[in-house]
Each structure stands twice: as structure tokens, then as C-alpha cells.
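As C-alpha cells, the structure follows; a few thoughts come after it.
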Amino acid sequence: MTELAAVKAALKTQAVETPSWAYGNSGTRFKVFAQAGVPRSPFEKLDDAAKVHEFTGVAPTVALHIPWDRVDDYAALAEYAEKQGVKVGAINSNTFQDDDFKLGSVCHPDPAVRRKAVGHLLECVDIMDATGSKDLKLWFADGTNYPGQDDLRSRQDRLAEALAEVYERLGDDQRMLLEYKFFEPAFYSTDVPDWGTAYAHCLKLGDKAQVVVDTGHHAPGTNIEFIVATLLREGKLGGFDFNSRFYADDDLMVGAADPFQLFRIMYEVVRGGGLGSDVAFMLDQCHNIEAKIPAIIRSVMNVQEATAKALLVDRDALAAAQASGDVLEANAVVMDAYNTDVRPLLREVRQEMGLDPEPVKAYKASGWAEKVVAERVGGEQAGWGA
């Protein structure tokens, strides 16, 4: 297989999971702007996700969020997804919107509140069983706002105890993916503030526990690709939540703020063997002022472009320059790949997959946006519950 053929083959097998909540009304803590034609149920979210997959060919799974996507029959929801040409992906828990969780969930000082939180996580595993999902994704808003508010070490003990109970409930082919966030909504101490804390808990739990890297959850200047390389090296990179940020957790379209960073991250994924592994590539974004489905299609395309450039890095030339200590040549090899216009290559890949080479244009021409605006009248629009 030629080098170009290998690049094309890798791009054709890439999969980007889209989030159900991105199809509904979502946005900032200040205002969520409603849009016409937004889904009113998890089933309609799956309809929209199927359109993204139809036009990109690489978005075959949809992450669900509980309770935002709660239904009476999860097996029926999974069956409906498959009829639309997609599958249910990760199950995301929510332990941050119930009034009882004001002072935390699994780290709360009250055992009754902790029990309630763990019960929800176990419910999510039940939903995984019903839908065939392999991944349980956990993010905790737990933390404190004031020194002395709670005992920092005790909160880590409570977290470890809760994670261990849920871990034991997982099936042999299921994983726990633990996310981290260095601040917000807790501003003095966050219970899972960084990749090291997440890694430490996952290491103690076992092979079925891995770390999720949200590309918006880092302090300015953080070298995210170093984190990715280290977790891949340790076999603990479970997946990504892809988005962009200018300041903090902005949840903008992936690749919009810093496409060079996305390229650098994807190079480490390729370098570390993560592209053809179980590493989950998920979007986690809020589309508040832009049209939702075109934004998600564009996001998938941005991931494809960064991946294509990462695959084009001449690794032999890079290794030679690194070994000889030629700093400028090593950097030039990386920049040559980044500066390559890969859009013609991706258009070829899509045509070879039987897709329209221009996904956004094809979606706009399909009439789906006009159809859902006309049909989705009445009922309650889906939203992220802010």
C-alpha cells in the first residue's frame, strides 16, 4: 500500500462521536438562544445525528446524556438509532444539576447525597446494558469555593469509594472514562482538577478505567499534546471531548480557535497508535448562535483535516532531524505537514466512500433544515437544562 493510500484508508476508518445535547438548545450560563427545528426528544436528536453521519460518513455513534435523554425504553431507543444508521455511544452522567448536589455529589459530606449520586451512576450502567454502549463517561462538578469548606483529603476518599463501586458494576467489555476540569463551578478546589488526579484514580481502579481529555479544560499555555502522549504511553487515554476555547471552557467548535493545537494533538495520537485503537473521539460543544447540524458537520470536518495533516508528517525525516539535533529541520518537517492543504485529499476520500465531497453544501441542499422547521412544531424543545 502506498503512503497516500494508507493515509486515505486511515481517514476512511476514522470515527467521530457526536453528542446528543449539541443538537438541542445549548449555550452559555447567561442565555440559551432557541432555534427553530430543534429536536423535541432523544429520537429526533438521533434523526439529526444520522444526517451528520449521512453527509460525513465518519460519525456513526451518538453520545447520550442522562437525564437529558431519559426515555422509558432504552433498548427501543438503541434499535431506533440503528434503523437511522447510527448507534448509541457513550452514556454521560449528570451529577451537577440536582439541588441536592450543591455541595458536591460523590464527594458530598452527606452520605445520603453520595448514595443518591452513586445510584445515578449505576443507573447509567444499566442504560449501557440496555443500549449496548461500551463507555460510561463521568465528569464531576464537585469541589469547594472556600478554604476550610470541606476536608480535601476526605473528598478524595469519597470519590475513590464511589468510583470503585461503579467500576465493579461494569461489564467485561465496558469502560469508565473519567474527565477532569481544573475549575468551574468550584473555584477554590475541584475534586478532579487535572489529568494527574484522573490518572491516579484510574490507575488504582484497573484496566477498565481511563482518562478523558477535554480540549477546553486546561489552563492557558498547557501543552495538551504532552498529556495525550503521556496517557497513550501509559495505556490510559480513553478518549477526547473535542471543542475549542479562547479563555476557558468555551465549548466552541473544535479547531475553530487553534487549529494548530488540534493538529499537534492528532499527531501525538497518530504517533502513539491511538488512531486505530479504542480511543474515543467525541465532540462536546455548545452551538448557541450558529446553526447546529452544519456546525457539527464542520466540526467533524475539522477533526478530519487535522488528522489528515498529522498522517502526512514525514516521520522518517522527522526522526532523522531529531536524532541529528537539527532543530529547525525537525520543526520544518512538522510545519510542512501542517501547511499542506488537505481539503482536496479529503474530497477524494469522500468521493471514494460514495459521499458528496462537500458535506456542508450537500446538507444545505438536502432540505433537511427546512423539513424539521416545518415538522417540529409544538412540544418542548430539547435543551441542556441550564
Side-chain angles (χ1 to χ4, degrees), residues 1-19 22 48-62 85-86 215 225 228 239-240 242-244 252-277 279-283 285 287 290-315 318 333-366 368:
M1 183 182 294
T2 66
E3 181 180 348
L4 184 59
V7 170
K8 285 185 174 182
L11 291 169
K12 290 174 184 176
T13 58
Q14 186 176 28
V16 180
E17 183 163 299
T18 68
D48 286 356
K51 287 297 172 182
V52 173
H53 184 47
E54 177 184 336
F55 291 109
T56 64
V58 294
T61 58
V62 187
V86 293
T215 52
E225 57 267 32
V228 170
F240 288 94
F242 279 136
N243 54 67
S244 280
L252 302 174
M253 289 169 48
V254 61
D258 190 348
F260 184 46
Q261 181 188 71
L262 180 60
F263 158 75
R264 300 193 312 264
I265 290 169
M266 290 310 303
Y267 173 71
E268 290 302 333
V269 170
V270 171
R271 161 71 178 82
L275 193 58
S277 68
V279 175
F281 301 96
M282 301 172 276
L283 303 181
Q285 304 173 168
H287 303 294
E290 65 269 35
K292 300 179 188 304
I293 296 178
I296 297 172
I297 292 175
R298 280 276 302 276
S299 298
V300 172
M301 294 171 66
N302 289 348
V303 174
Q304 288 181 297
E305 290 182 16
T307 304
K309 293 181 179 187
L311 288 164
L312 290 175
V313 173
D314 187 335
R315 291 171 63 179
L318 181 60
V333 171
V334 172
M335 295 309 299
D336 282 346
Y338 176 69
N339 289 323
T340 302
D341 184 356
V342 296
R343 291 174 297 176
L345 171 63
L346 284 164
R347 285 194 285 266
E348 287 183 22
V349 168
R350 295 185 189 108
Q351 287 179 315
E352 292 173 8
M353 295 174 67
L355 303 170
D356 191 292
E358 299 287 352
V360 174
K361 291 181 180 178
Y363 167 74
K364 290 181 178 179
S366 72
W368 181 256

NZ/NE/NH1/NH2 to OD/OE distance under 4.0 Å, Arg271 and Glu268: no
How long is the gap from CD on Glu305 to CG on Leu11, to the nearest 0.5 Å? 10.5 Å
Would you say the side-chain atoms of Thr18 pair up with the backbone N or O of Ala49, donor to acceptor, closer than 3.5 Å? no
Which atom names give the shortest non-hydrogen contact between Leu275 and Ala10, and what distance separates them? CD2-CB, 4.2 Å
Of the non-hydrogen atoms in Val86 and Ala50, which two are nearest, and what is the gap between them? CG1-CA, 3.9 Å
Specify the closest pair of heavy atoms between Lys12 and Val349, including all atoms of both residues, with the distance to one decimal. CG-CG1, 3.7 Å
Can you classify the ring geometry of Phe55 versus Tyr363 as parallel (below 30°), tilted (30 to 60°) or perpendicular (above 60°)? perpendicular
With side chain to side chain contact (heavy atoms under 4.5 Å, CB included) as the criterion, how do Val269 and Val279 come out once you've worked through the C-alpha distance, each side chain's angles and the decisive distance to 0.1 Å? CA-CA 9 Å; Val269 170; Val279 175; 5.6 Å; no
Would you confirm whether Thr340, through its side chain, and Val342, through its main-chain N or O, come within 3.5 Å as a donor-acceptor pair? no
Rounded distance (nearest 0.5 Å) linking atom CG of Asn243 with atom CE of Met253: 11.5 Å
The reported gap from OG in Ser366 to NZ in Lys51 (rounded to nearest 0.5 angstrom) is 5.5 Å
Sub-4.5 Å side-chain heavy-atom contact between Leu318 and Val334: yes
Nearest 0.5 Å, what's the CD1-CG distance between Ile297 and Asn302? 12.0 Å
Heavy-atom side-chain contact between Leu345 and Val7 under 4.5 Å: yes
All heavy atoms of Arg347 vs all of Pro357, minimum pair found to be CG-O, 3.6 Å
Gln304 and Val58 have their tightest heavy-atom pair at NE2-CG2, 3.6 Å
Do Glu17 and Phe240 have side-chain heavy atoms sitting under 4.5 Å apart? no
Trace of the side chain to side chain contact (heavy atoms under 4.5 Å, CB included) decision for Ile296 with Leu283: CA-CA 8 Å; Ile296 297 172; Leu283 303 181; 4.0 Å; yes
Closest heavy-atom contact between Val360 and Met301? CG2-SD, 4.0 Å
Within this structure, what is the NZ-CG distance for the pair Lys309 and Leu346, rounded to the nearest 0.5 Å? 10.0 Å
Euclidean distance, Met266 CE relative to Glu225 CD, rounded to 0.5 Å: 12.5 Å
Is there a side chain to side chain contact (heavy atoms under 4.5 Å, CB included) between Trp368 and Ile293 once you walk through the steps? CA-CA 10 Å; Trp368 181 256; Ile293 296 178; 3.7 Å; yes
